[in-house]
A.B. asks: 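Mind having a look at this structure? Questions to follow.
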Number of protein chains: 4
Amino acid sequence: MNLASSNEKRPHKLKDDLRSVAQKAILASAEKVFAEQGLRATVETVAKRAGVAVGTLYNYFADREALLVALLEDRSSEIARRLDHALDVAGKKPFAVQLTAYFNAVLEHFDEHRAFLSIVMQCENEQALREKKSTTKRTLRTLSTHAERLVAFGVKSGALDHDDADLHATIVLGLIRGVVHRHLQNQKSGPLAPLAPRLTRFFLAGAGK
Amino acid sequence: MNLASSNEKRPHKLKDDLRSVAQKAILASAEKVFAEQGLRATVETVAKRAGVAVGTLYNYFADREALLVALLEDRSSEIARRLDHALDVAGKKPFAVQLTAYFNAVLEHFDEHRAFLSIVMQCENEQALREKKSTTKRTLRTLSTHAERLVAFGVKSGALDHDDADLHATIVLGLIRGVVHRHLQNQKSGPLAPLAPRLTRFFLAGAGK
Amino acid sequence: MNLASSNEKRPHKLKDDLRSVAQKAILASAEKVFAEQGLRATVETVAKRAGVAVGTLYNYFADREALLVALLEDRSSEIARRLDHALDVAGKKPFAVQLTAYFNAVLEHFDEHRAFLSIVMQCENEQALREKKSTTKRTLRTLSTHAERLVAFGVKSGALDHDDADLHATIVLGLIRGVVHRHLQNQKSGPLAPLAPRLTRFFLAGAGK
Amino acid sequence: MNLASSNEKRPHKLKDDLRSVAQKAILASAEKVFAEQGLRATVETVAKRAGVAVGTLYNYFADREALLVALLEDRSSEIARRLDHALDVAGKKPFAVQLTAYFNAVLEHFDEHRAFLSIVMQCENEQALREKKSTTKRTLRTLSTHAERLVAFGVKSGALDHDDADLHATIVLGLIRGVVHRHLQNQKSGPLAPLAPRLTRFFLAGAGK
DNA sequence: GATGAATGAGATTTCATTCAT
DNA sequence: CATGAATGAAATCTCATTCAT
């Protein structure tokens with residue numbers, strides 16, 4: 001009965017692993033390729049870069065769009081996890097600390113997945129994707145949702161001025177957009193995360209009481 | 001009756017006018033269509049919306065990309081003119097006034113050509129364009145070029161802190177990106193130009209000495 | 001006003017004609033190709049045989065299936081017209097005459113569009129098509145609908161025995177199926193229409209009172 | 001305990017049995033699937049329905065077509081056996097009895113393998129198959145071969161009229177086609193075999209002297 | 001010039017077949 | 001042998017561009 005108790009808990013563990021390895025490779029390739037060549041990049045290019053045949057890609061993703069959505073969701077959930085964790089750690093600390101944690105988390109993620117935000121920015125303007133599943137829409141809004149929550153706390157805790165409350169989240173996101181965009185345009189490659197404290201300082205000076 | 005009048009005094013003026021009427025209609029259509037449907041929109045869609053046949057479109061623009069470039073250049077030159085004029089009028093006035101003029105000019109242009117910035121944002125992420133004609137690149141950089149010039153003046157005139165000088169232009173652009181983006185995402189439709197003074201106040205509080 | 005009354009009634013008559021010429025050529029090609037090579041035949045083959053490019057085919061038919069459906073409908077409406085006319089002419093004449101007219105109309109159509117019935121027979125077994133639009137289903141049932149109407153008249157007029165009434169239509173169709181099928185299998189090419197009286201005689205002997 | 005018993009007396013029998021179990025399952029699945037979804041059904045679908053992996057299917061059949069041919073041959077040989085037996089039993093009895101036996105045998109087979117004739121009908125129209133292996137062709141002609149033999153006897157024995165001799169076999173097959181087809185189109189599910197006497201009566205009335 | 005059907009290169013997608021586990 | 005992921009040739013479909021009218 002327990003003949004093979006050691007390695008038989010999940011009969012297909014190995015295969016499952018392989019499966020997810022290929023899937024991850026394809027997603028990683030898609031991330032690179034879509035970022036480098038824009039959303040125009042072909043499915044074949046993505047497959048080749050991942051080191052698999054086209055058919056293999058279609059074993060994992062129903063169609064081109066499913067691939068894109070999967071990529072957005074996977075990376076978004078990662079950034080969401082990172083943000084949740086960061087804000088969780090920042091816990092009861094003052095708003096300034098939390099804001100820095102937010103900037104830091106986003107920028108760190110970007111430093112590691114440089115390509116991803118570039119794709120998000122492209123997708124945001126693709127009406128097609130915006131209109132589709134609300135899942136995609138929600139995915140694309142991960143950043144802003146967190147930002148809104150954060151500034152709501154900032155206002156409640158008295159750290160933020162009440163007057164421009166409606167602009168707060170917009171500006172937080174704008175600051176990120178600004179630095180990310182500069183980064184994508186210039187090929188300069190230093191990490192962005194270190195900018196977090198400066199963005200916080202700027203934001204607080206502008207928005208603080 | 002006045003059939004002949006046109007080809008006496010101004011032999012080609014009428015033709016030119018007619019030409020530019022069709023051309024303008026096509027550009028306007030392209031602006032709408034690319035903004036609504038993304039850069040994937042087809043040439044045929046653009047032509048139909050402009051009320052002309054595809055063939056006609058190709059009489060005015062060498063190919064699809066030429067159409068896009070022409071659109072970018074036309075609208076950019078318009079925004080450049082507007083910015084030049086705004087900053088010209090603001091002349092020797094203090095930096096705060098000039099900055100407000102800048103924000104105001106950009107946002108006014110956006111209010112009139114809502115679709116345009118959406119397209120610019122899409123193009124910025126299309127590496128394809130980045131690599132190609134430097135004309136296009138320059139076009140896309142109209143906004144940032146002016147912003148850089150502006151903050152350089154701000155620093156020189158002592159209005160801006162020296163510490164974060166490198167971030168100034170990035171943040172000015174980020175603020176614009178922020179509000180424009182919020183506008184595109186939500187369907188809210190009030191004009192953006194009125195936000196100019198608030199953005200200025202915010203920026204100065206954050207970046208001013 | 002009536003400057004060009006002679007040839008200006010329908011401004012785009014010529015183009016429309018050309019259009020339908022191409023469409024007809026494609027349908028004719030599809031008929032041949034699907035009959036010769038089976039439903040597996042490729043869209044490209046159909047296009048080439050019609051002397052047009054694939055893209056042209058797709059200008060007229062939304063997709064492969066639409067082409068097939070259009071073919072079935074076009075030819076079915078033709079056979080329906082023929083049947084209606086035949087039975088109309090046979091008018092108040094006795095059942096035997098009407099039945100002969102039916103057989104004759106169907107077999108004549110087959111003699112002229114040999115390929116078509118072969119395709120119908122293939123489609124009848126394609127569950128996919130059967131399940132789709134009821135239009136298709138109705139199209140495929142043109143023959144049996146008319147047969148049912150005919151034998152109903154036969155029974156009412158007292159020409160047909162009442163006992164096997166339920167089988168009548170089935171057998172009429174079976175007889176057609178039989179001769180058509182034999183024809184398709186052997187490459188013998190004589191016309192089938194002359195068989196009509198013999199089929200009638202056979203049917204009446206078997207089913208008549 | 002009886003592990004060894006198998007490889008003593010009948011060294012390979014068990015293996016053969018097992019083999020044929022899988023093989024039969026695959027053929028049965030193919031019969032269902034091809035009948036339900038048409039000949040376009042995928043190999044994978046057939047394998048899954050049979051409860052095996054695609055690879056396993058390919059262990060038993062060289063390729064997709066070999067599977068189809070095997071199916072046709074297997075079922076045809078069964079129907080041939082059944083027909084031979086039926087006509088053998090009907091032996092020296094009058095033609096009417098033999099014809100009923102024929103109809104009965106065919107329709108009984110169809111009642112048990114409802115799907116099969118649907119497949120045969122599809123294959124008959126696939127020129128591809130017609131051109132290929134004569135084995136397939138012969139297989140598909142099992143029914144008509146027997147029918148031809150039968151009516152030849154009918155004519156010789158004086159039961160059938162001589163005039164329409166050339167149509168006899170065609171009509172016998174047509175009658176079968178008719179009822180089978182009606183059955184496939186309507187979802188009515190009563191057995192067909194009971195129709196045998198009525199078909200005989202009809203045929204004899206029509207074709208008998 | 002204006003038109004829009006025709007074109008065909010190229011993108012997406014499918015699926016029979018292979019092969020490492 | 002059984003498995004099912006990987007493969008890539010071949011099919012379907014799209015769309016920028018041309019050109020006869």
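Chain identifiers are assigned alphabetically (A, B, ...) following the order of the sequence lines, protein sequences preceding nucleic acid strands; residue numbering begins at 1 within each chain. Predicted, not measured: the structure shown is a model, and the values here were computed from it.
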A.B. asks: Measure NZ/B:Lys48 against P/E:dT3 and give the value in whole Å, please.
C.D. replies: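 These atoms are roughly 13 Å apart.
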A.B. asks: What nucleotide among F:dG4, E:dG4, F:dT17 has an atom nearest to a side-chain atom of B:Asp63?
C.D. replies: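 Nearest listed nucleotide: F:dT17.
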A.B. asks: Between A:Tyr58 and E:dT14, does any side-chain N or O lie under 4.0 Å from OP1 or OP2?
C.D. replies: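 No, A:Tyr58 has no side-chain N/O under 4.0 Å of OP1/OP2 on E:dT14.
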A.B. asks: Return yes if some donor-acceptor pair links the side-chain N/O of D:Ser29 with the main-chain N/O of D:Val46 below 3.5 Å, else return no.
C.D. replies: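 Indeed, once roles are kept as given, a pair shorter than 3.5 Å links the two residues.
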A.B. asks: Using heavy atoms to find the nearest nucleotide of DNA chain F for D:Leu57 and B:Thr42 separately, return the residue whose nucleotide is more 5′.
C.D. replies: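 By nearest-heavy-atom nucleotide position, the 5'-most residue is D:Leu57.
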A.B. asks: Are D:Asn59 and F:dA2 close enough that a side-chain N or O sits under 4.0 Å from OP1 or OP2?
C.D. replies: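 D:Asn59 to F:dA2 OP1/OP2: side-chain N or O found under 4.0 Å.
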A.B. asks: Map every base of DNA chain F to its dot-bracket character, where paired means a Watson-Crick or G-U wobble contact with both distances under 3.5 Å and | marks a partner outside the strand.
C.D. replies: .||||||||||||||||||||
A.B. asks: What's the closest nucleotide to the side chain of A:Ala22 if the choices are F:dT3, F:dA6, F:dA11?
C.D. replies: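 Between F:dT3, F:dA6, F:dA11, the one nearest the side chain of A:Ala22 would be F:dA6.
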A.B. asks: Please determine, for the side chain of C:Val52, which listed nucleotide (E:dT7, F:dT17, E:dT3) has the closest atom?
C.D. replies: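 Within the option list, the nearest is E:dT7.
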A.B. asks: Reckon C:Thr56 touches a base, only the sugar-phosphate, or nothing at all at heavy-atom distances under 4.0 Å?
C.D. replies: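 Base, at least one base heavy atom under 4.0 Å.
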A.B. asks: Any chance you could measure A:Phe116, atom CZ, to A:Leu27, atom CG, to the nearest 0.5 Å?
C.D. replies: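 If I round to the nearest 0.5 Å, the distance is 10.5 Å.
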A.B. asks: Among the nucleotides E:dG4, E:dA6, F:dA5, which one has an atom lying closest to any side-chain atom of C:Tyr60?
C.D. replies: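 Minimum distance to the C:Tyr60 side chain belongs to E:dA6.
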A.B. asks: A:Val43 and A:Arg64: which non-hydrogen atoms are nearest, and at how many Å?
C.D. replies: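 Between these two residues, the closest heavy atoms are CG2-CG, 3.2 Å.
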A.B. asks: For the CG atom of C:Leu67 and the CD atom of C:Gln23, what is their distance to the nearest 0.5 Å?
C.D. replies: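 Result: 10.0 Å between the selected atoms.
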A.B. asks: Without decimals, in angstroms, what is the distance between A:Gln23 CD and F:dA6 C1'?
C.D. replies: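 Checked: the CD to C1' distance equals 15 Å.
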A.B. asks: Among B:Arg75, B:Arg49, B:Lys24, whose salt bridge (charged side-chain N to carboxylate O under 4.0 Å, His left out) with B:Glu31 holds?
C.D. replies: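 Single pass found, and it is B:Arg75.
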A.B. asks: Output the distance between atom CD (D:Glu65) and atom CG (D:Leu72), rounded to the nearest 0.5 Å.
C.D. replies: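 That separation rounds to 9.5 Å.
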A.B. asks: By nearest atom, which of the nucleotides E:dC15, E:dT17, F:dT12 is closest to the D:Val54 side chain?
C.D. replies: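 Ranking E:dC15, E:dT17, F:dT12 by closest atom to the D:Val54 side chain puts E:dT17 first.
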A.B. asks: When the distance from CZ of D:Arg64 to C1' of F:dA10 is rounded to whole Å, what number comes out?
C.D. replies: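 Atom-to-atom, D:Arg64 to F:dA10, this comes out as 15 Å.
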A.B. asks: I need the CZ-C1' distance between D:Phe61 and F:dA2, as an integer number of Å.
C.D. replies: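 That distance rounds to 15 Å.
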A.B. asks: Given that C:Glu44 and D:Gly51 both sit by DNA chain F, which one's nearest nucleotide is further toward the 5' end?
C.D. replies: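 Counting from the 5' end, the first nearest nucleotide belongs to D:Gly51.
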